[in-house]
Protein chains: 2
Amino acid sequence: MKLSKKAEYALRAVVAMARSSRTKPVPIQELSEVAHVPVKFLEQILLILKRGGILQSKRGVGGGYQLLKQASHITLAEVVRLIDGEFVPMSCTEAVAADGSPGGTCECGQQGGCGLGRSFSDLQHVVNEYLESQSIQDILQREQPDDVLVFEI
Amino acid sequence: MKLSKKAEYALRAVVAMARSSRTKPVPIQELSEVAHVPVKFLEQILLILKRGGILQSKRGVGGGYQLLKQASHITLAEVVRLIDGEFVPMSCTEAVAADGSPGGTCECGQQGGCGLGRSFSDLQHVVNEYLESQSIQDILQREQPDDVLVFEI
DNA sequence: CCAATTCTCGATCAAATTAGTCGAGAATGA
DNA sequence: TCATTCTCGACTAATTTGATCGAGAATTGG
């Protein structure tokens, strides 16, 4: 019941990019150092974020990655969903439709959604709403200024 | 980012036991059928729940498992924590103390807790509070009476 | 005491997932 | 043309997950 390292690294990378006031692209190599993420692993991650419309890239000298949107318009949910997929706490939540109406049959054998499915479906919504509510900008504002590592400009 | 099958099965088993009005112990075999969980796997699970103080067992003919507490006094949190351990959404939340005071150094390199750690620590609390708030009795009340399978008495 | 029943428990196992690496290649700019 | 930097598919090692197996110990009924 936790984020994958990949998602955690993705968040770290996006936060690090948002922290920098630099307008030039950041090479993977440099981002890797600031965010404490293995280079080749970060490579994969940034590619996913790019395909997901969060970043843009530029090749060659002076190239690297840049945020495509403002930090205040990128939510935790967006990043996490791209990497780890939707948060689904257990199999039976899938049988419960958004409006609570009966869906398919749960793996547990009951039809129209079981009590556990309903309860965990509520949890799913609580979590999603929280992740949607938090932007990368919000994260920056909760950092302690004295301990933060920023790119050199 | 989801419960293990083990935790899901544990919840199903506890809910099934709570559903039954029977006062005699339920054998693993029977529980396995009602809860749709493989017998030998369920065996392991029930043992954990027993050691965790949720169930009691009795051997021999007429033996089986029984809830040790009322359904209204068993929370989802209790069951899930026994099987899957504490919900910790990411590594950096560990560096944030319960009161928000600076803890150790995150894996991300920052000291006194990073912004991500603080935000996910909040999520952790939201989730824990939800799971603590929901009892097995609450789950029973959300079942649809017509579709539920109960033990024969 | 014997046999059937039922829990106990450690070992083992296959498949899936996770975390991370490698190396070749394509685009870009100087 | 060369250095730089992203692109991308393949690969691997370790871990976790989801089970299964089999021997054994307790309990009850006869």
Side-chain angles (χ1 to χ4, degrees), chain A residues 1-13 17 22 24-33 35-52 54-68 80 82-85 88-91 107-108 151, chain B residues 1-13 17 22 24-33 35-52 54-68 80 82-85 88-91 107-108 151:
Chain A
M1 197 70 160
K2 66 170 151 172
L3 293 182
S4 68
K5 278 287 173 198
K6 214 165 181 172
E8 189 175 328
Y9 291 164
L11 288 167
R12 286 231 281 269
M17 297 182 79
R22 178 158 65 177
K24 308 180 67 156
V26 185
I28 296 183
Q29 183 62 49
E30 195 176 342
L31 197 52
S32 160
E33 286 153 23
H36 294 79
V37 179
V39 192
K40 294 297 283 182
F41 199 22
L42 184 57
E43 218 177 79
Q44 289 181 36
I45 294 166
L46 295 181
L47 216 43
I48 296 173
L49 295 178
K50 181 197 168 181
R51 293 185 185 133
I54 292 181
L55 305 176
Q56 68 184 151
S57 64
K58 197 162 174 266
R59 297 203 220 194
V61 180
Y65 280 95
Q66 263 181 316
L67 292 181
L68 205 53
V80 169
L82 269 175
I83 307 288
D84 279 353
V88 177
M90 65 180 293
S91 71
E107 175 194 301
C108 70
F151 302 119
Chain B
M1 197 71 161
K2 65 169 153 172
L3 294 182
S4 67
K5 277 288 173 198
K6 215 166 181 170
E8 189 175 328
Y9 290 163
L11 289 168
R12 286 229 283 266
M17 298 182 78
R22 177 157 66 179
K24 310 181 67 158
V26 185
I28 296 183
Q29 184 61 50
E30 194 177 343
L31 197 51
S32 159
E33 286 155 22
H36 293 79
V37 179
V39 192
K40 295 297 282 181
F41 199 19
L42 185 57
E43 218 176 77
Q44 291 178 38
I45 293 167
L46 295 181
L47 217 42
I48 297 173
L49 295 179
K50 182 198 168 183
R51 293 187 184 130
I54 291 181
L55 304 177
Q56 68 184 152
S57 64
K58 199 164 171 265
R59 297 203 221 193
V61 178
Y65 281 95
Q66 259 181 318
L67 292 182
L68 205 52
V80 169
L82 268 175
I83 307 288
D84 279 354
V88 177
M90 64 179 295
S91 70
E107 175 194 302
C108 70
F151 301 121

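Excluded from the calculations below are hydrogen atoms, water molecules and symmetry mates; all remaining heavy atoms, backbone and side chain alike, are included. All chains are named by letter (A, B, ...) in the order of the sequence lines, taking the proteins before the strands, and each is independently numbered beginning at 1.
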Candidate nucleotides D:dA19, D:dT5, C:dT8, ranked by approach to the side chain of B:P38 - the nearest | D:dA19
Nearest-nucleotide pick for A:L47, side chain only, options being D:dG18, D:dC8, C:dC7 |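 Nearest to the side chain of A:L47 among the choices is D:dC8.
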Under 4.0 Å: is that the gap between some side-chain N or O of [X] and OP1 or OP2 of [N]?
| X | N | value |
| --- | --- | --- |
| B:Y9 | D:dA19 | yes |
| B:K5 | D:dT16 | no |
| B:S57 | C:dT8 | yes |

Using heavy atoms to find the nearest nucleotide of DNA chain C for A:S4 and A:V61 separately, return the residue whose nucleotide is more 5′.
->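 Per heavy-atom nearest nucleotide, the more 5' residue is A:S4.
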Whole angstrom value for the distance that separates C1' of D:dA19 from NZ of B:K6 |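 The answer, rounded to whole Å, is 9 Å.
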Separation of B:K2 atom NZ from D:dT16 atom C1', in whole Å?
-> 13 Å
Decide yes or no, distance alone: a donor-acceptor N/O pair under 3.5 angstrom between the base of [N] and the side-chain of [X].
| X | N | value |
| --- | --- | --- |
| A:K58 | C:dG29 | no |
| B:Q29 | C:dT5 | no |
| A:Q44 | D:dC8 | no |
| A:E43 | D:dC8 | yes |
| B:K40 | D:dG22 | yes |

In terms of heavy-atom contacts, B:E107 and B:S91 come closest through OE1-OG, 3.5 Å
So what does B:I28 touch, heavy atoms closer than 4.0 Å: a base, only the sugar-phosphate, or nothing?
->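 Since only primed, P, OP1 and OP2 atoms lie under 4.0 Å of B:I28, the category is sugar-phosphate.
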